[in-house]
Amino acid sequence: MRRGLAALLLLLLHLRATGVARADDAADLAAITAAVPVCDAARAHCFGLQLHVVAGERGGFVVTPAWIAAQVATANKHFAALGVGFQLAGVDGLPASAAHIETRGQRNQLAAHLGGPVVHVFFIAKLADVDEPGAPVYGVTWRVPKDDRKYVIVAGNAFERTLAHELGHVFGLPHSEYAISIMNKTKRDQPPMDERRFADEELAAMKPTVAELVRHKVLAELKPAS
């Protein structure tokens with residue numbers, strides 16, 4: 001409890017320093033912390049998610065606690081077959097100036113917030129396609145320039161499965177041609193959306209990547225508190 005209160009205090013001070021703090025910021029961030037589901041302790045691996053949420057221009061954040069919780073819950077559902085789950089490591093706020101990410105340079109600037117053996121996820125309002133101007137894009141897994149570290153950017157208009165899809169990229173998957181796969185971006189009617197998952201071949205491909213990331217301490221285990 002003391003650790004949680006201390007984290008919120010530090011978070012509020014950070015938000016004030018970046019010019020986005022309001023009287024309700026601590027409560028909003030506490031609501032996100034409370035809403036995000038925990039990793040099932042029975043899973044072989046629980047990895048930490050450090051969330052960075054952009055402030056809205058009129059207060060609050062660009063996405064709601066319930067929206068974030070749905071993204072994480074869906075990711076946990078799809079990674080269950082791999083024995084992997086995700087646990088909140090921390091959450092902080094970013095200024096409203098980061099709401100619209102339109103260029104490669106703006107994506108690169110987010111790397112300044114990276115640190116620790118966790119997956120960093122940035123929740124913003126809108127994300128532009130840097131390769132095909134005008135094309136809709138809901139999420140991206142981005143590499144640190146001249147570095148192997150990856151981080152995830154998810155737009156506020158993203159599908160509920162977008163975070164799970166991007167985490168597939170974090171664990172080495174490319175886009176897919178398997179009809180069942182959530183890594184397949186092709187519009188299709190079958191199988192129904194609620195039946196889509198990682199293909200068995202993709203689950204097999206991710207296993208050695210998970211082991212490598214743990215072995216090289218890129219990701220650390222973060223089991224939920226008992």
Side-chain angles (χ1 to χ4, degrees), residues 1-12 14-15 26 28-53 61 63 65-94 110-123 139 141-144 147-154 160-173 182 198 202-203 205-226:
M1 180 63 116
R2 290 179 180 176
R3 183 182 300 175
L5 290 174
L8 284 175
L9 178 58
L10 289 173
L11 192 48
L12 186 55
H14 166 76
L15 289 171
D28 290 341
L29 291 163
I32 293 172
T33 299
V36 174
V38 299
C39 177
D40 182 353
R43 298 202 183 178
H45 303 283
C46 287
F47 297 126
L49 297 178
Q50 178 67 41
L51 307 183
H52 310 273
V53 189
F61 294 99
V63 290
W67 187 93
I68 294 172
Q71 289 281 337
V72 177
T74 302
N76 279 335
K77 179 184 76 173
H78 285 295
F79 277 86
L82 190 62
V84 167
F86 301 97
Q87 173 84 15
L88 183 66
V91 56
D92 58 40
L94 295 179
L110 296 178
H113 300 278
L114 303 186
V118 296
V119 180
H120 288 263
V121 181
F122 296 84
F123 290 117
T141 299
W142 198 245
R143 284 184 181 273
V144 178
D147 197 328
D148 288 333
R149 289 179 300 167
K150 299 176 182 177
Y151 49 97
V152 173
I153 309 171
V154 179
E160 193 170 284
R161 65 186 181 279
T162 297
L163 176 58
H165 173 102
E166 297 305 332
L167 289 170
H169 289 315
V170 170
F171 290 100
L173 294 183
I182 65 169
F198 290 120
E202 292 170 329
L203 291 169
M206 283 192 286
K207 285 184 178 179
T209 303
V210 169
E212 182 178 359
L213 291 173
V214 172
R215 183 169 60 252
H216 291 288
K217 300 181 179 180
V218 176
L219 293 179
E221 303 286 354
L222 183 64
K223 293 292 185 180
S226 57

Problem set entry | Heavy atoms from other residues, nucleotides or ligands near NZ of K207 exceed 12 (cutoff 6.0 Å) | no
For this session: Over all heavy atoms of both residues, which pair between P224 and V38 is shortest? Give the atoms and the distance, please.
Result: CB-CB, 4.2 Å
Problem set entry | Closest heavy-atom pair and its distance - V170, K150 | O-NZ, 3.7 Å
For this session: Using the test side chain to side chain donor-acceptor pair (under 3.5 Å), find all partners of W142 that sit at least two apart in sequence or belong to another chain.
Result: N108
For this session: Output all residues satisfying side-chain contact (heavy atoms from CB on, under 4.5 Å) with T74, sequence neighbours left out; order by chain, then residue number.
Result: H78, E160, R161
Exercise. Measuring from T141:OG1 to H165:NE2, what's the distance to the nearest 0.5 Å?
Worked result: 7.0 Å
Exercise. Is there a donor-acceptor pair under 3.5 Å between the side chain of Q87 and the backbone N or O of C39?
Worked result: yes
For this session: Answer whether the closest heavy-atom distance between the side chains of V63 and V154 falls below 4.5 Å.
Result: no
Problem set entry | Rounded distance (nearest 0.5 Å) linking atom CG of L88 with atom CD1 of I32 | 9.0 Å
Problem set entry | All side chain to side chain donor-acceptor pair (under 3.5 Å) counterparts of R149, not counting sequence neighbours | D147
Exercise. If every non-hydrogen atom of L222 is compared with every non-hydrogen atom of G48, which pair is closest and at what distance?
Worked result: CD2-CA, 3.7 Å
Exercise. Taking atom CG of L167 and atom CG of L82, what is their separation to the nearest 0.5 Å?
Worked result: 11.5 Å
Exercise. Are the side chain of Q71 and the backbone N or O of L163 linked by a donor-acceptor pair below 3.5 Å?
Worked result: yes
Problem set entry | Qualifying side-chain hydrogen bond (donor to acceptor under 3.5 Å, both in side chains) pairs, either residue in residues 34-53, two or more places apart | H45-E221, H52-D92, H52-H120
Problem set entry | Residue list, side chain to side chain donor-acceptor pair (under 3.5 Å) with T162, at least two apart or on another chain | none
Exercise. What pairs with F79 under ring pair (Phe, Tyr, Trp, His ring centres under 6.0 Å), at least two apart in sequence or on another chain?
Worked result: F86, F171, F198
For this session: Indicate yes or no: at least one non-hydrogen side-chain atom of V210 is less than 4.5 angstrom from one of V84.
Result: yes
Exercise. Rounded to the nearest 0.5 Å, what separation is found between the CZ atom of F122 and the NE2 atom of H113?
Worked result: 6.0 Å
Seminar exercise, completed: Rounded to the nearest 0.5 angstrom, the CG-CZ distance for L94 and F123 is 11.5 Å
Seminar exercise, completed: Nearest heavy-atom contact between A35 and A69 is O-CB, 3.3 Å
